[in-house]
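The structure displayed is predicted, hence computed values, not measured ones. What's counted below: heavy atoms across the whole structure, side chains too, no hydrogens, waters or symmetry copies.
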Amino acid sequence: MDSRQYDTDVVVIGGGPAGSATAIACAARGLRVSVFERDDAGSARPGETLHPGVEPLLAQLGIDSAQLAAVTGARHEGVWIEWNGARRFDAFGSDSQGMWRGFQVHRPAFDALLLDRAAELGAKVRRSCAVSGLLVQDGVIRGVTTDDGPVTARIVADGSGRAEWLGRQLRIDRPTHSPRLSARYGYVSGSYPERDAAPEITADASGWLWTALVRPGVYQWTRVSLNGSRIPSDWMPETLRHLAPMGGSRGADVTWRIASEVARPGWLMVGDAAAVLDPASSHGVLKALLSGITAAHLIKAVLVDGACADEAAGAYHDWLSGWFASDVQQLAGFYAELGIEGYEKLLRN
């Protein structure tokens with residue numbers, strides 16, 4: 001099919017950090033981009049905590065410090081860690097200008113900031129517009145069907161997160177790399193001065209608990225069960241029971257998994273759509289942004305520079321799967337220290 005017949009160069013499914021980074025980086029390279037986000041407004045979700053290392057990536061995407069500050073509810077110099085009884089403060093680091101500080105962002109506002117940046121660069125951002133199917137010609141994906149009709153594209157990038165939309169459409173296996181892991185998270189309002197200076201993660205053989213101030217008067221908690229037990233829907237940390245719940249808690253399957261294929265000519269996956277780790281891996285948003293930027297670099301190499309599509313897909317798969325394997329080894333080591341069954345074996349694989 002002649003490239004001039006396509007409605008757009010790149011279709012991006014999902015407007016979270018990974019999808020938006022893909023759209024921004026592709027648009028900045030002169031490609032035509034259409035983003036489809038099924039929600040009209042972003043929803044609160046874990047992932048508010050950003051490592052200081054995210055700033056250079058956001059700068060690459062055209063997000064300056066003032067824009068980041070506008071969606072930041074709190075700053076912190078590190079994290080309190082109590083792992084199997086030993087407690088320490090893990091600082092992010094420092095340089096000649098002082099201590100590095102992480103960010104607690106308001107995710108709906110942060111996600112909207114990235115989508116707005118994509119639109120500013122010329123991407124067509126379609127909110128409240130779901131993708132419903134694939135357009136396939138001669139065995140190659142050539143676009144998608146949407147609530148607004150069909151859209152042809154030279155590349156489809158899946159940034160749908162844990163919905164794993166493209167993988168489900170293509171029936172791609174997602175083998176697990178950990179015992180089953182379930183998470184529960186929620187928000188409370190009020191005053192808890194003990195947590196205002198820095199987030200905290202505490203862990204033992206049953207699982208771990210994360211608590212953090214995300215903006216003035218609002219705290220977020222995440223509990224992950226490591227012993228296979230189900231976390232009740234009405235569960236709440238004892239330390240936060242004096243505060244007022246903000247709606248009900250929500251659950252998520254955070255078992256480690258990666259698609260057996262994350263890219264082929266005509267399509268690729270970014271962020272959680274490609275691979276999922278539980279939140280203890282940290283740097284989730286940073287990794288989402290970097291996967292989107294890397295994907296855009298390879299998309300441009302294929303569509304503009306004439307690089308071999310098979311080789312680009314293979315390089316992206318090797319890069320992402322290598323990163324995932326490294327994180328699995330690190331997390332398995334953390335959990336093996338807690339004496340949790342099943343993780344020592346992962347270290348030997």
Can any side-chain N or O of [X] pair as donor or acceptor with the backbone N or O of [Y] at less than 3.5 Å?
X	Y	answer
Arg38	Gly14	no
Gln329	Leu346	yes
Ser225	Ser229	yes
Asp147	Ala130	yes
Arg117	Leu61	yes
Asp305	Ala307	no
Asp138	Val140	no
Ser260	Arg174	no
Tyr219	Leu240	no

Check whether [X] and [Y] end up in the same hydrophobic cluster, where Ile, Leu, Val, Met, Phe, Trp and Tyr are linked by side-chain heavy atoms less than 4.5 Å apart.
X	Y	value
Val270	Phe110	yes
Val304	Ile299	yes
Val285	Val276	no
Val10	Leu135	no
Trp100	Leu289	yes

Would you mind checking if [Y] and [X] are paired as a salt bridge, meaning a charged N to carboxylate O distance below 4.0 Å?
X	Y	answer
Asp39	Arg127	no
Glu164	Arg257	yes
Arg162	Asp253	no
Arg87	Glu200	yes

Q. Mind checking who shares a hydrophobic cluster with Val131, ILVMFWY linked at side-chain heavy-atom distances under 4.5 Å?
A. Val11, Ile13, Phe36, Leu134, Val136, Ile141, Val144, Val151, Val156, Trp165, Leu166, Leu170, Ile172, Trp267, Met269
Q: Run the numbers on Gln60 and Leu58 for side-chain contact (heavy atoms from CB on, under 4.5 Å), then give the verdict.
A: CA-CA 5 Å; Gln60 278 189 50; Leu58 290 174; over 6 Å; no
For the residue pair [X] and [Y], what are the closest heavy atoms and their distance?
X	Y	value
Gly53	Leu286	C-CD1, 3.7 Å
Ala274	Leu320	CB-CD2, 3.4 Å
Phe324	Ala275	CD1-CB, 3.8 Å
Val302	Cys308	CG2-O, 4.3 Å
Ala205	Asn227	O-CB, 4.1 Å
Arg168	Ala163	NE-O, 2.8 Å

**Q.** Ring geometry between Tyr185 and Tyr187 (parallel below 30°, tilted from 30 to 60°, perpendicular above 60°)
**A.** perpendicular
Q. Using 30° and 60° as the class limits, which term best fits the ring planes of Tyr335 and Trp256: parallel, tilted or perpendicular?
A. parallel
Q: Output, in order, the C-alpha distance, side-chain angles, deciding distance and verdict of side chain to side chain donor-acceptor pair (under 3.5 Å) for Ser206 and Arg223.
A: CA-CA 10 Å; Ser206 67; Arg223 171 69 176 172; 3.0 Å; yes
Say whether [X] and [Y], considering side chains only, have a donor N or O and an acceptor N or O under 3.5 Å apart.
X	Y	answer
Tyr6	Arg32	no
Asp148	Thr146	no
Asp7	Thr152	yes
Thr176	Thr255	no

Q: Dump the intermediate steps for side chain to side chain donor-acceptor pair (under 3.5 Å) on Gln220 and Thr222, then the final yes or no.
A: CA-CA 7 Å; Gln220 189 262 332; Thr222 298; 2.6 Å; yes
Q | Qualifying residues under ring pair (Phe, Tyr, Trp, His ring centres under 6.0 Å), relative to Trp80, sequence neighbours excluded | A | Phe89
Q: State, with a plain yes or no, whether a side-chain heavy atom of Glu37 is found less than 4.5 Å away from one of Val12.
A: no
Q: Would you kindly check if the NZ (Lys) or CZ (Arg) of Arg75 is within the cone defined by 45 degrees around the ring axis of Phe103 and under 6.0 Å from the six-membered ring centre?
A: yes
Q: Tell me, with the steps shown, if Phe334 and Trp208 meet side-chain contact (heavy atoms from CB on, under 4.5 Å).
A: CA-CA 11 Å; Phe334 290 158; Trp208 58 259; over 6 Å; no
Which pairs of donor and acceptor atoms, one on a side chain in residues 20-27, lie under 3.5 Å apart (sequence neighbours left out)?
unit_1, atom_1, unit_2, atom_2, d
Ser20, OG, Gly15, O, 3.2
Ser20, OG, Gly16, O, 3.1
Thr22, OG1, Ala18, O, 2.8

